[in-house]
Amino acid sequence: MATSNNNHPTIQQDATTPPCDYCNHHIAVIFCRADSAKLCLFCDHIVHSANTLSSKHLRSQICDGCRSAPVSVRCSTDNLVLCRDYDLDAHGSCAVSAAHDRTPIEGFTGTPSPVDLAANWGLELGLDQKKKRNPNDPVPDSGQDSGQRAEREREKES
């Protein structure tokens, strides 16, 4: 995975992965129904946090099958998210595939962060998500009871 000049991870694209309609650089993974736009995680956040109206746009992942439509179902058996048409093609004509574990997927609105969206979908962005400790933050609880902590605080004040 490479890094672009704007510090967002860049994934190598092939002929079946659509580029983001906004930046035309990253892989589109979100479909905005209101704009009929395919967006990468980062551009989705930029576009839909611009104002209150755009944050109300209903969006969802892009179908793993056709790579152009919003998803409507997750097939846990095949580990795929599929649009209505592709789900019907893949699961509608065969008794075996019709028995796959499938769950309807609802779209989302608002402005979740790219990291939160990726985590909710089980994706890894390749970013270092470890929070660096701020030296001004309180020290995490070391397991000592509150009585011992209170006693140390009184000693410091004396």
- Item | With sequence neighbours excluded, residues passing side chain to side chain donor-acceptor pair (under 3.5 Å) with D116 | S113
- Query: Which atoms form the tightest heavy-atom contact between R67 and I27, and what is the distance?
  - Reply: NH2-CG2, 4.0 Å
- Look up atom SG in C75 and atom CD1 in I105, then write down how far apart they are to the nearest 0.5 Å. 10.5 Å
- Task: Would you please test V29 and I62 for side chain to side chain contact (heavy atoms under 4.5 Å, CB included) and show each step?
- Result: CA-CA 5 Å; V29 293; I62 294 175; 5.5 Å; no
- Message: So for atom CZ, which belongs to R33, do other residues, nucleotides or ligands contribute more than 12 heavy atoms lying within a distance under 6.0 Å?
- Response: yes
- Query: If we only count heavy atoms from C-beta on, is the T77 to D101 side-chain gap below 4.5 Å?
  - Reply: yes
- Roughly how far, to the nearest 0.5 Å, is the CZ atom of R74 from the CG atom of L80? 9.5 Å
- Of all heavy-atom pairs between F31 and S36, which one has the smallest distance, and what is that distance? CZ-CA, 3.9 Å
- For residues L117 and F108, determine if any side-chain heavy atom of one lies less than 4.5 Å from a side-chain heavy atom of the other. yes
- Of all heavy-atom pairs between C43 and Y22, which one has the smallest distance, and what is that distance? SG-CD2, 3.4 Å
- Message: Could you report the tightest heavy-atom contact between V71 and S60, atom names first, then the distance?
- Response: N-OG, 3.6 Å
- Query: In chain order, what residues pass the ring pair (Phe, Tyr, Trp, His ring centres under 6.0 Å) check against H45, with sequence neighbours excluded?
  - Reply: none
- Above 12 or not: heavy atoms from other molecules or residues under 6.0 Å from CG of N79? no
- Message: As an exercise, state the distance from CZ of R102 to OG of S72, rounded to the nearest 0.5 Å.
- Response: 9.0 Å
- Message: Using every non-hydrogen atom in the two residues, find where C20 and C40 come nearest and quote the distance to one decimal.
- Response: SG-N, 3.4 Å
- Message: My understanding is that only residues two or more places apart in sequence, or in another chain, count here; which of them pass side chain to side chain donor-acceptor pair (under 3.5 Å) with S49?
- Response: none
- Is T111 reaching over with its side chain to a backbone N or O of S55, donor-acceptor style, under 3.5 angstrom? no
- Message: Closer than 3.5 angstrom, by distance alone: can the side chain of D21 be matched with the main-chain N or O of K38 as a donor-acceptor pair?
- Response: yes
- Message: Quick check: closest heavy atoms across D87 and V73, and the distance to 0.1 Å?
- Response: CG-CG1, 3.4 Å
- Task: Measure the CG-CD1 distance between L41 and I30 for me, rounded to the nearest 0.5 Å.
- Result: 5.0 Å
- Query: For the atom pair CG (L82) and CD (Q61), what is the distance rounded to the nearest 0.5 Å?
  - Reply: 10.5 Å
- Message: I want to check something: taking the side chain as every heavy atom from C-beta on, are L39 and H48 in contact at a cut-off of under 4.5 Å?
- Response: yes
- Item | Spacing of Y86 atom OH and S68 atom OG [to the nearest 0.5 Å] | 11.0 Å
